[in-house]
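Reviewing the structure listed below.
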Amino acid sequence: MAQDVEVAAEPREEQATGAVRLDAVRQVYAGRGRRRGRDAEVVALDGVSLTVAPGEVVAVVGPSGSGKTTLLELVCGLQRPVAGTVEADPAVLMPQRDLLLPWLSAIDNAALALRVARVDRDEARRRARPLFDRFGLHGFERARPHELSGGMRQRVAFLRTLLAGKPVLCLDEPFGALDALTRREMQDWLQDALAQERRTVLLVTHDVEEAALLADRVVVLSARPGRVVAVLPQPGARPRASTDPAVVALGARALDALRR
């Protein structure tokens with residue numbers, strides 16, 4: 001039973017698109033566990049219900065193995081639940097690793113979703129170039145991935161996600177591999193980027209402070225099988241600072257829910 005009633009995001013000046021609804025979702029993987037010397041089913045999610053309003057940013061936190069990535073893949077249509085229903089507007093997944101192709105330039109990596117959609121290379125680059133200006137990558141369009149810092153690589157991966165053109169963004173630990181200083185810089189950068197884009201976002205993270213900083217609500221999952229044990233609204237408006245009392249308080253509440 002969730003500890004808090006779900007609260008919809010505050011109305012925004014610009015109309016946002018993209019909605020997500022999970023109702024009593026259960027997901028099971030066969031043959032991934034061992035019990036008494038035999039293969040056994042692993043229940044990843046059990047009875048998960050969640051609604052995300054258009055334009056809302058919802059963070060999902062939980063222990064390792066609680067089904068967070070599974071939840072994102074269900075929303076993106078990469079899996080189907082064994083029980084329950086998933087209703088979502090078109091969604092795109094940004095995985096934990098940037099997965100940039102080493103033989104492509106930064107701009108061609110960012111435009112990859114357009115190229116997959118059979119957009120001409122010159123046109124794909126034309127569409128991607130303004131995002132390099134907006135998101136602090138101007139001058140690095142021709143750089144190869146090995147010439148970019150970790151934070152810059154994540155920005156390129158995020159631009160690739162945006163250029164897929166989906167109203168729902170599913171971000172799976174986007175900054176998990178970065179050092180602490182770069183991670184904090186990227187959190188501030190992502191706040192600004194999301195404010196410009198007005199997309200619906202599901203963000204998976206192990207960092208309760210990151211969740212409290214970036215999200216309108218924080219959903220806490222139990223250990224496997226993942227169940228919703230708390231839905232914590234963030235009363236403060238975005239953008240926020242990590243030292244804001246509301247951010248600190250929400251992070252503490254999320255951590256307390258994880259420990260129960």
Side-chain angles (χ1 to χ4, degrees), residues 1-3 6 18-52 56-100 112-113 116 154 157-158 160-161 164 166-177 200-208 210-211 214-215 217-232 254-255 257-260:
M1 182 69 67
Q3 296 174 338
E6 295 192 23
V20 176
R21 183 178 182 85
L22 288 78
D23 185 20
V25 167
R26 177 180 172 87
Q27 186 64 325
V28 178
Y29 298 112
R32 294 198 177 184
R34 299 286 294 178
R35 183 175 57 193
R36 295 181 181 178
R38 297 177 298 173
D39 289 339
E41 292 182 336
V42 172
V43 181
L45 297 171
D46 190 22
V48 171
S49 296
L50 173 66
T51 300
V52 184
E56 190 177 16
V57 179
V58 172
V60 180
V61 300
S64 295
S66 60
K68 301 183 296 297
T69 297
T70 295
L71 189 152
L72 295 188
E73 291 182 354
L74 287 165
V75 170
C76 291
L78 302 176
Q79 299 187 35
R80 293 185 178 181
V82 299
T85 59
V86 178
E87 299 177 0
D89 288 327
V92 58
L93 177 66
M94 179 178 170
Q96 295 179 21
R97 299 177 59 188
D98 61 67
L99 300 180
L100 301 184
L112 191 59
V116 170
Q154 289 303 106
F158 183 74
R160 181 184 60 203
T161 305
K166 309 297 184 184
V168 179
L169 308 180
C170 291
L171 312 182
D172 191 356
E173 286 280 352
F175 309 137
T200 303
V201 178
L202 264 174
L203 167 70
V204 158
T205 177
H206 285 288
D207 186 340
V208 294
E210 181 171 274
L214 297 175
R217 287 183 296 144
V218 178
V219 175
V220 182
L221 296 183
S222 67
R224 188 171 57 232
R227 299 183 176 92
V228 176
V229 296
V231 181
L232 309 175
L255 185 59
L258 279 170
R259 287 171 172 169
R260 294 182 180 179

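Just so you know, these numbers come straight off a predicted model, no measurement behind them. Note that the numbering runs from 1 along the sequence shown for the chain.
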Problem set entry | Where Val86 and Pro81 come nearest, the two heavy atoms and their spacing | CG2-CG, 4.1 Å
For this session: With rounding to the nearest 0.5 Å, note down the distance linking CG in Leu221 to CG in Asp46.
Result: 11.5 Å
Exercise. Closest approach of Thr200 and Ala19, non-hydrogen atoms and distance?
Worked result: OG1-N, 4.5 Å
For this session: Examine the side chains of Glu210 and Thr205 and answer whether a donor and an acceptor come within less than 3.5 Å of each other.
Result: yes
For this session: Could you tell me whether a side-chain N or O of Gln154 sits under 3.5 Å from a main-chain N or O of Pro174, the two making a donor and an acceptor?
Result: yes
Exercise. Under a 4.5 Å cut-off applied to non-hydrogen side-chain atoms, are Phe175 and Asp207 in contact?
Worked result: no
For this session: Name all residues meeting the salt bridge (Lys or Arg N to Asp or Glu O under 4.0 Å) criterion together with Arg224; count only those two or more places apart in sequence or in a different chain, and write none if there are none.
Result: none
Exercise. Taking Leu171 as the fixed residue, which of Leu93, Val201, Leu72, Val57 is the one that meets the side-chain contact (heavy atoms from CB on, under 4.5 Å) rule?
Worked result: Val201
Exercise. Going by heavy atoms in the side chains, are Leu22 and Val52 under 4.5 Å from each other?
Worked result: no
For this session: Kindly say whether Arg21 contributes a backbone atom to a donor-acceptor pair with the side chain of Thr51 at under 3.5 angstrom?
Result: no
For this session: Of all the heavy-atom pairs spanning Val228 and Ser49, show the shortest one and how long it is.
Result: CG2-O, 4.0 Å
For this session: Sort out for me which residue in Val60, Leu202, Leu71, Thr69 forms a side-chain contact (heavy atoms from CB on, under 4.5 Å) with Asp172.
Result: Thr69
Seminar exercise, completed: For Val75 and Cys170 the tightest heavy-atom approach is CG1-SG, 3.8 Å
Seminar exercise, completed: Between Ala257 and Val229 the two heavy atoms that sit nearest each other are O-CG2, 4.4 Å
Seminar exercise, completed: When every non-hydrogen atom of Asp89 is compared with those of Gly18, the smallest separation belongs to OD2-CA, 3.2 Å
Exercise. With distance as the sole test, does Ser66 use its side chain to make a donor-acceptor pair with the main-chain N or O of Gly226 at under 3.5 Å?
Worked result: no
For this session: Please tell me if the side chains of Met94 and Leu169 come closer than 4.5 Å, counting only heavy atoms from C-beta onward.
Result: no
For this session: Please tell me if the side chains of Val61 and Val218 come closer than 4.5 Å, counting only heavy atoms from C-beta onward.
Result: yes
Problem set entry | Arg26 vs Leu45, side chain to side chain contact (heavy atoms under 4.5 Å, CB included): CA-CA, chis, key distance, verdict | CA-CA 5 Å; Arg26 177 180 172 87; Leu45 297 171; over 6 Å; no
Problem set entry | Approximate separation, where rounding is to 0.5 Å, of Arg80 CZ and Glu73 CD | 14.5 Å
Problem set entry | Check: Val220 and Leu258 side chains under 4.5 Å, non-hydrogen atoms | yes
Seminar exercise, completed: CG (Asp98) and CZ (Arg160) are apart, to the nearest 0.5 Å, by 7.0 Å
For this session: Hey, could you give me the CD/NZ distance between Glu173 and Lys68, rounded to the nearest 0.5 Å?
Result: 7.0 Å
